[in-house]
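Small disclaimer: the values here were computed from a predicted structure and weren't measured.
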Amino acid sequence: MPSNYNPLEIEPKWQQKWAEDNLYRVTEDSSKPKWYALTMFPYTSGDLHIGHWYAMAPSDVHARFKRMQGYNVIHPMGFDAFGLPAENAAMNHGIHPYDWTMKNVDNMRRQLKTIGAIYDWEREVITCLPDYYRWTQWFFLRLYKAGLAYRAKAPVNWCPKCQVVLANEQVANGGCWRCETQVIRRDLEQWFFRITRYADELMQHEGLDWPERIKTMQKNWVGKSQGAEIHFIIENPVTGEEKVKVFTTRPDTVFGITYLVLAPEHPLVEKLTTPDRQAEVNAYVESARRRTDIERLSAEQEKDGVFTGAYATNLVNGEKVPVWVADYVLLSYGTGIVMGVPAHDERDFAFATKYDIPIKMVISLPGWQGEELDAAYIDEGTMVNSGQFDGMSSDEARSRIVDYLAKKGWGNYAVTYRLRDWLVSRQRYWGAPIPMVYCDRCGIVPVEENDLPVLLPTDIRFSPTGESPLRHHQAFLNTTCPQCKAPAKRETDTMDTFMCSSWYFLCYTSPDYDNGPFDEEKMKYWMPVDLYTGGAEHAVMHLFYSRFFTKALRDMGLVDFDEPFLKLFNQGTVIVDHQKMSKSRGNVINPDHYVSTLGADVVRIYLMFVAPWEQGGDWNDSGISGISRWLNRVWNLTLENYQPADKPEAGKEKEFERVLHQTINKVTQDIDNIHFNTMISALMELTNYLAKIKESSSVRRENWDGAIRSILLMLAPSAPHFAEELWHQSGYPYSIHNQSWPKWDKEKAKDEEITLVVQVNGKVKTRINLPADISRDEAVKAVMESERVHSSIADKEIADVIYVPGKIVNLVVR
RNA sequence: GCCGGGGUGGCGGAAUGGCAGACGCAGCGGACUUAAAAUCCGCCGGAGUAAAAUCCGUGUGGGUUCGACUCCCACCCCCGGCACCA
């Protein structure tokens, strides 16, 4: 009697053996095609939860599959180790961020090793170590030298709880992406990366196999609008004339302008407001400033504003229109000034109605007789009240009017983006220091590349307010100017951690390289990433920044590709009891418990089986026993003695080979297409079939052994320990993970007999078995001879016969 | 409001124009056992029947088709993203 399947015994055993043998060590090999399989590295939060397993186990299965298919597979793992939670832990528990982070790394690495993945731990990357952040800083300097990093004062998002600024991408629904606290506006001097320079390219995803959803999100985030910039002259009785520009996508409505609006923060507000309006305007601007973004940006919010007392001249018709201030206009978009066309814009209509501003129709809808509008007409129509453009279609007038403005010098075509530059400075300690120095004489001076890294000091004290300890660390703060050697001050802000994750995939290709961020030859061998998997929440953060980073590096000549990630796959989310997992809900599932009772292989397979990977699913351990049961069945089928029949049946053996090869094909296709749940069920079906065959002993030993060998090979990526153990016990040479993926034989998989479904008027009446290569006439003849068909048709007339070879015969009767 | 994704047995899901419910969980019945667990075998959408036949059934209503879970139109609900972007 063979031993029972005991994962707790075999899993540590093989993990240790694989590690000793460096089975998964990977180096460049020009004799094989390379495959870079990357899973988003985890943040060092402390514990791996089941969601991490859901990200990592299936991607390891795919990588192992590619490996068995003959690819030279790199599938690295590391840690995103800088970030705010480490600092919060420091303040709450008095533990140093470094110690907190490295303790978590140790624990998570231990947990990760229990997955049984093919990670080559020699390539591990930890972003908070000086060997790594030295090059993060180096990239900052290179971006600075390329004119892509600059310092500017700007209204920025400030999270009062995290005591830090946030990039636009890191604000969701007006709240901080980490703690959901409402962000407020602050005017601060900050470092920015010119991501907007790549706006057009970032909207393009040509040649990328990415989910449509992510591509759309990125396109919308860039938010390119084509339109026109139109000039106006604003007169103020005291300050005189001021030429301003507005951006519009509807230059065809320019004759319908009845007012202009400035954003409350617009610098011209103060200048343009007439003395008698000053008090009211000031009060309004103040109240707008105090409102949170969420209040200001809510579409339901009633539009309000104040008149500045100034008037602007609409150059196309010489009309003078009032200039207002209203907070439905955003300073950050376009020019921060909007032309008000109430007749043809919903927001302007609401605003004009509220303040009795005239509504002037310039595009007539079909059948319009001059009656008043009860809502803005925003569609196309015929131009009216528009001088020489009357009678033209609004569509045509759009370009004709801009051409006219351009000729007169009153405006021109223009493009505006929603995308803003990437704000990268953070007022926190636990990040890569920005390698810049402020010198009274020389101004802003970059640290010399040779002087990197600018080390984070470790002897720090946190203040209870959350203010960065770097600001008061004299030894860090005081330095000399790299240029003039005079005493100077260091930048105390650190970099957004998304900067660290924008190049970690490059570092994996040569983690020990000292003379640069990566070894160019090795990087060229492995990059770009062939399959990148992770959560969709990074659509306009990490994925977006990494693309920008890659393009910037390409333009500096550091890399020779345009895109870092060729194929992107987003797995779904694991939820628990129909709720998101979170510490606050107390429903975080720790995989250790399952691994230490049922084994890693069972958890790996259960996660794949429970739902399509892209969909995600409810973690409900009631079904997990089915996986243990299944592996036990395979275990016993493999190790129990198979007694072949004295006289094997030729037909059975053909069927046996057919089932096996159809399964090999199905499993291969399914892994390739990332359909892990149906891949597992195909293997289960094969198991059920093998159990029946074993019962009837109807095939020869060599057929049986071949099938067992194939099913073990097909199980190897999913259940690496289990398959290795059975491979070993079956007497095959170590290791199953160095074997080739089984090939399917098309001839053997071919059906000899087909089951033809017989329908009458589309309703299934019966099914008949026929040879696979039967002709239409013969098939129909066989159908007509069937008893069931006779009784269903009775004496009705057959009007038509639909025949789909190998599938169906449908008799249409009247 | 706009843009995606989705709605199928008691449950997770399968089938993307051709047998709805593969595979698994739970449940029910049986074998083995002194008994239980484990294991093995069988049943398992609803109505209907002695058993069949038959009818109904993939969120709702319509349509296209010989044939629709699958395609088209309208609507309802759930999830995700964006949201005064001029």
Enquirer: Rounding to a whole Å, what distance do you find between A:Asn632:CG and B:U39:P?
Expert: 7 Å
Enquirer: From B:U54, B:G18, B:C84, pick the nucleotide closest to the side chain of A:Lys765?
Expert: B:U54
Enquirer: Sugar-phosphate means primed atoms, P, OP1 and OP2; the rest is base. With that split, encode nucleotides 4-13 of chain B 5' to 3' as B, S or - using protein heavy atoms under 4.0 Å.
Expert: S-------BS
Enquirer: So which nucleotide from B:C85, B:G18, B:C3 ends up closest to the side chain of A:Arg347?
Expert: B:C85
Enquirer: Quick check on RNA chain B: between A:Met217 and A:Thr335, whose nearest nucleotide comes earlier from the 5' end?
Expert: A:Met217
Enquirer: Give me the distance, rounded to whole Å, that separates B:G7 from B:G17 when you measure between the P atoms they each carry.
Expert: 16 Å
Enquirer: Any chance the rings of A:Trp422 and A:Phe544 have centres within less than 6.0 Å?
Expert: no
Enquirer: Just checking A:Trp619 against A:Tyr606, ring centres under 6.0 Å apart?
Expert: yes
Enquirer: Can you tell me which stems RNA chain B forms, taking runs of 3 or more consecutive Watson-Crick or G-U pairs with both distances under 3.5 Å?
Expert: B:1-7 with B:76-82, B:10-12 with B:23-25, B:27-31 with B:39-43, B:45-47 with B:54-56, B:59-63 with B:71-75
Enquirer: Counting only side-chain N and O atoms of A:Ser225, is one of them less than 4.0 Å from OP1 or OP2 of B:A86?
Expert: yes
Enquirer: For nucleotides B:C28 and B:A20, find the distance between their C1' atoms and express it as a whole number of Å.
Expert: 23 Å
Enquirer: Toward the 5' end of RNA chain B, which comes first, A:Thr678 or A:Val338, by nearest nucleotide?
Expert: A:Thr678
Enquirer: Is the distance from OP1 or OP2 of B:G24 to the nearest side-chain N or O of A:Asn688 less than 4.0 Å?
Expert: yes
Enquirer: If the C1' atom of B:A38 is compared with that of B:C55, how far apart are they to the nearest Å?
Expert: 43 Å
Enquirer: Pick the P atom in B:A86 and in B:U64, then give their distance to the nearest Å.
Expert: 42 Å
Enquirer: Check the chi torsion on B:G9 and let me know: syn if it falls within 90° of 0, anti if not.
Expert: syn
Enquirer: Should A:Asp777 and A:Lys781 count as an ion pair when the cut-off is N to O under 4.0 Å?
Expert: no
Enquirer: Check whether any side-chain nitrogen or oxygen of A:Arg629 sits under 4.0 Å from OP1 or OP2 of B:A26, and answer yes or no.
Expert: yes
Enquirer: Tell me the interatomic distance from A:Ile802, atom CD1, to B:A68, atom P, rounded to whole angstroms.
Expert: 12 Å
Enquirer: In this structure, how many angstroms lie between the C1' atom of B:A83 and the CG atom of A:Leu330, rounded?
Expert: 11 Å
Enquirer: How long is the line joining OH of A:Tyr5 and C1' of B:U39, in whole Å?
Expert: 18 Å
Enquirer: What is the distance, to the nearest angstrom, from the OH atom on A:Tyr417 to the C1' atom on B:C82?
Expert: 20 Å
Enquirer: Determine, using ring centers only, whether A:Phe722 and A:Tyr5 are less than 6.0 Å apart.
Expert: yes
Enquirer: Are A:Phe307 and A:Tyr259 an aromatic pair by the rule of ring centers under 6.0 Å?
Expert: no
Enquirer: Measure the distance from CE on A:Met581 to P on B:C79 and round it to the nearest whole Å.
Expert: 18 Å
Enquirer: Between B:A26, B:A86, B:C66, which nucleotide gets closest to the side-chain atoms of A:Asn810?
Expert: B:C66
Enquirer: Does A:Lys215 put a side-chain nitrogen or oxygen below 4.0 Å from OP1 or OP2 of B:C3?
Expert: no
Enquirer: Quick check on A:Glu537: does its CD atom have over 12 non-hydrogen neighbours (other residues, nucleotides or ligands) under 6.0 Å away?
Expert: yes
Enquirer: Would you say A:Gln571's side chain and A:Gly534's backbone share a donor-acceptor pair under 3.5 angstrom?
Expert: yes
Enquirer: When you compare B:G13 with B:G6, how far apart are their P atoms, in angstrom units rounded to a whole number?
Expert: 13 Å
Enquirer: Give me the distance, rounded to whole Å, that separates B:G24 from B:G42 when you measure between the P atoms they each carry.
Expert: 12 Å
Enquirer: Of the nucleotides B:A86, B:C66, B:C19, which one has an atom closest to the side chain of A:Tyr333?
Expert: B:A86
Enquirer: Measure from NE2 on A:His266 to C1' on B:A86 and round the result to the nearest Å.
Expert: 13 Å
Enquirer: When you check the gap from the basic side-chain N to the acidic O, do A:Asp345 and A:Arg250 get nearer than 4.0 Å?
Expert: no
Enquirer: Can you tell me, in whole Å, how much space there is between the P of B:A74 and that of B:G1?
Expert: 16 Å
Enquirer: Please tell me which of the listed nucleotides, B:U54, B:C19, B:C25, lies nearest to the side chain of A:Thr755?
Expert: B:C19
Enquirer: Rounding to a whole Å, what distance do you find between A:Leu331:CG and B:C84:P?
Expert: 15 Å
Enquirer: Taking the side chain of A:Glu685 as heavy atoms from C-beta outward, which of B:A22, B:G24, B:G18 is closest to it?
Expert: B:A22
Enquirer: Does a side-chain N-to-carboxylate-O contact under 4.0 Å join A:Lys354 and A:Asp304?
Expert: no
Enquirer: Write down the distance separating the C1' atoms in B:A51 and B:C32, rounded off to the nearest Å.
Expert: 31 Å
Enquirer: Side-chain N or O of A:Arg418 versus OP1/OP2 of B:A83: is the shortest distance under 4.0 Å?
Expert: yes
Enquirer: Are A:Phe569 and A:Trp613, when compared by the centres of their aromatic rings, separated by less than 6.0 Å?
Expert: yes
Enquirer: Under 30°, 30 to 60°, or over 60°: which ring-plane class applies to A:Trp177 and A:Phe498, parallel, tilted or perpendicular?
Expert: tilted
Enquirer: Indicate yes or no: does A:Glu380 engage A:Arg398 in a salt bridge with an N to O separation below 4.0 Å.
Expert: yes
Enquirer: Scan A:Val764 against the nucleic acid and name what it touches under 4.0 Å (heavy atoms): base, sugar-phosphate only, or nothing.
Expert: sugar-phosphate
